[in-house]
*Asks:* 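Here's a structure for you.
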2 protein chains.
Amino acid sequence: MARRKGLTIEDVARAAGVSIAAVSLALNDKGTLSQETRARVKRVAAELDYQADALARGLRRSPMGTIGLVLRPLDAIGSYTLNGVDFFSRLLAAAAVAAMDRGIGMMLVPNLLRSPVPAFAYSLDGYVVAEPEVDDPVVRRLEDRDIPYVSLGRNVARPDSPYWVSSDDEGSMAAVLDHFASAGARDIVLVGGTDSNGWNQDCEAAYRAWTAGAGLPPRVLRAAEGAGIRGGRAVAARLLRDGVPDAVLCATGRQAVGVLEELREAGVSVPGRTLLATASDSEHARTASPAISAVDMHPERLAEGAVDMLHGLIHGTPVAERVRLPTSFFVRESSSRAG
Amino acid sequence: MARRKGLTIEDVARAAGVSIAAVSLALNDKGTLSQETRARVKRVAAELDYQADALARGLRRSPMGTIGLVLRPLDAIGSYTLNGVDFFSRLLAAAAVAAMDRGIGMMLVPNLLRSPVPAFAYSLDGYVVAEPEVDDPVVRRLEDRDIPYVSLGRNVARPDSPYWVSSDDEGSMAAVLDHFASAGARDIVLVGGTDSNGWNQDCEAAYRAWTAGAGLPPRVLRAAEGAGIRGGRAVAARLLRDGVPDAVLCATGRQAVGVLEELREAGVSVPGRTLLATASDSEHARTASPAISAVDMHPERLAEGAVDMLHGLIHGTPVAERVRLPTSFFVRESSSRAG
DNA sequence: GAACGATCATAAATCGATTTATAACAGTAT
DNA sequence: ATACTGTTATAAATCGATTTATGATCGTTC
């Protein structure tokens, strides 16, 4: 690596005719310098366009002005190529933007347990951990290193921690299920994921509560997150054997697409015989034919909420706790009896 | 900030019964240590799960394993809230993922000239600069600091620099214009942006070349990128006065939506009287009614190409130069005469 | 004029690594 | 015993900042 030019504190000190200590104290408004010296140093520094080296500065444990983002579900899948998976790419972009708007940087960091970890990982000011799992080792690692973090999605790794921002999964599920019910569906299947995160847990709990309340029998099937469309097809194949339901609510858009394909190939009409929807909107869902009804969790708002909370935690200012943000349910052709 | 626990090189040295120098040399496979010592130190370090502090290390000018991303068009607009603007959020997410897949971090960095710049900005290993402008001061700043960078979109700030990755704008324009022509359009308007970047330049040049080749008169209007839908409406208002064209090709999806709205309100049928398309696909374009035909520039591929090129530049390995990547044109209702 | 307080600036230690120059040692030749 | 090689480990300088302890200067006061 070529060495960078980099103006150092020494250059400023020389130009201002003071010691490097004076420069540091002046620029950070500390110590007991005279107003005059302080002003002069600041002026000189500004003229030279001096900027303190972030690394040397961080070495003394000043905040780095940068946070990390860990996407646990993608760590689990082992692939970060997000083709057609809207939620995480929207979340990622939104988090970067939210961080930037607050004057801090944001880095996507892969599985903190895989080695080698990216060099920076443990020098960041804090983390947003998306959908941690029960006993999540990444959460443990962050706690070991005393790195502040907030969870995006309920923090099932630390049920007592109040520092999380989540979509209102109960509301989402109720919206979809009410919609199904009002179209006359009685046998409604939930297709969930297998990761032990808050989203899966809360969606299933909400589903069970709703079915119990409606006096309908719950039927839950699961497909691994990583299986994608294939997972949806496998689940649908089982449904074809066990009994075709009136409606299917899939956790992910890709599962929904798989279910759609498998059912249609077997001659089951969607939405004619079976209604279909997904709890997380995606390009897949929107461009499927028929387009699949979906819940938009508004990852942009979630990202902003999480970044705000983390920012507060890092700076020791009071923050909102256990935040649940509303979602939107978009009815599309796959669940419209009229269509 | 509470001080972090952090195992230091000293802890490892003590545990292995050697000096800190020996530890450093062993772990970096440098110097003249015996195989035995080297192995022992490595074993101890692994046992303790030691990881060298990225900052202390960077202080000595080792690569940081992190690159930056600057989105110049958004710097220009002054807002990073990317509502409905697909291209940059997809680019952002894809770049983060591409970087991560190569074991490096990626940070979104705002305008390097605005102060204060994020602390890290000048410590990063390199930059991807999206759509630099003519005489772009950010490019100059990076060069001043000897920070390697590649341009995403032709580097009009440094016409001789071969280090850029761009969409094939000539191909995109030809695809759309041929499509318009085959539907019988003769009076085809181009609506471009006002930023002086490679995309605007190349799109307009391709348009002019194509119209010249086809023996048709060029008609170019412009709307500022920041004006969004409103800018599109303003342009369309002018078209209504000056003469309604057979087809309109807008640079951005938002401009296209604005044109669509204004024309329809004036009673001009789209696609009946006037065909419409945009050179950059977006959610806006897909969900408009009628859906607007659009070019997908595949920001994911562009991001990967740029990250690869930058990675090569940083490590001094040979890289491809002046890369043009193909695009896809999706015909939708807004330009389908049959529909 | 000596002693004392205020006020202001600086020297020097420190953060945790990398890297160079040097030292310690064993083995061989003289 | 001395000198000379290699081989291997370490001491110490360095990166660019922050921060504490110290010191210098000046004006008051007795």
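Per chain, numbering begins at 1; letters A, B, ... match sequence-line order.
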*Asks:* If you assign B:A56 and B:R40 each to the DNA chain D nucleotide with the nearest heavy atom, which residue ends up on the more 5' nucleotide?
*Replies:*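 Looking at the nearest nucleotide for each, B:R40 comes out on the 5' side.
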
*Asks:* Can you confirm whether A:E10 is buried at CD, in the sense that more than 12 heavy atoms of other residues, nucleotides or ligands lie under 6.0 Å from that atom?
*Replies:*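 Incorrect, the count does not exceed 12.
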
*Asks:* Given side chain to side chain contact (heavy atoms under 4.5 Å, CB included), test A:L92 with B:V97 step by step and report yes or no.
*Replies:* CA-CA 10 Å; A:L92 173 47; B:V97 168; 4.3 Å; yes

*Asks:* When we call it a touch if two heavy atoms are under 4.0 Å apart, what does A:V18 touch: a base, just sugar-phosphate, or nothing?
*Replies:*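 Here A:V18 touches the backbone only, sparing every base.
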
*Asks:* What is the separation between atom CG on A:D11 and atom P on D:dG16, rounded to the nearest whole Å?
*Replies:*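 Spelled out: CG on A:D11 to P on D:dG16 is 9 Å.
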
*Asks:* Look at A:R57 and D:dT18 and indicate whether a side-chain polar atom (N or O) is within less than 4.0 Å of OP1 or OP2.
*Replies:*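 Checking A:R57 against D:dT18: at least one side-chain N or O falls below 4.0 Å of OP1 or OP2.
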
*Asks:* Taking atom CG of B:N28 as the centre, report whether more than 12 heavy atoms of other residues, nucleotides or ligands fall under 6.0 Å from it.
*Replies:*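 Atom CG in B:N28 is crowded, with more than 12 foreign heavy atoms closer than 6.0 Å.
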
*Asks:* Just N and O in the side chain of B:Y50: are any of them under 4.0 Å from OP1 or OP2 of C:dG16?
*Replies:*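 It does not, given that no N or O in the side chain of B:Y50 lies less than 4.0 Å from OP1 or OP2 of C:dG16.
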
*Asks:* Which ones in residues 32-39 of chain A lie close to DNA chain C, meaning a heavy atom under 4.0 Å from one of its atoms?
*Replies:*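 Within this stretch, A:T32, A:L33, A:S34, A:T37 sit under 4.0 Å of the strand.
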
*Asks:* Looking across every strand, which nucleic acid part, if any, lies under 4.0 Å from A:A21 by heavy atom: base, sugar-phosphate, or nothing?
*Replies:*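 It contacts base atoms.
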
*Asks:* Using a heavy-atom cut-off of under 4.0 Å over every strand shown, decide if A:L25 touches base, sugar-phosphate, or nothing.
*Replies:*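 Result for A:L25 = base.
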
*Asks:* Does a nitrogen or oxygen in the side chain of A:K30 sit under 4.0 Å from OP1 or OP2 of D:dT18?
*Replies:*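 Answer no for this pair, as no side-chain N or O of A:K30 is under 4.0 Å from OP1 or OP2.
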
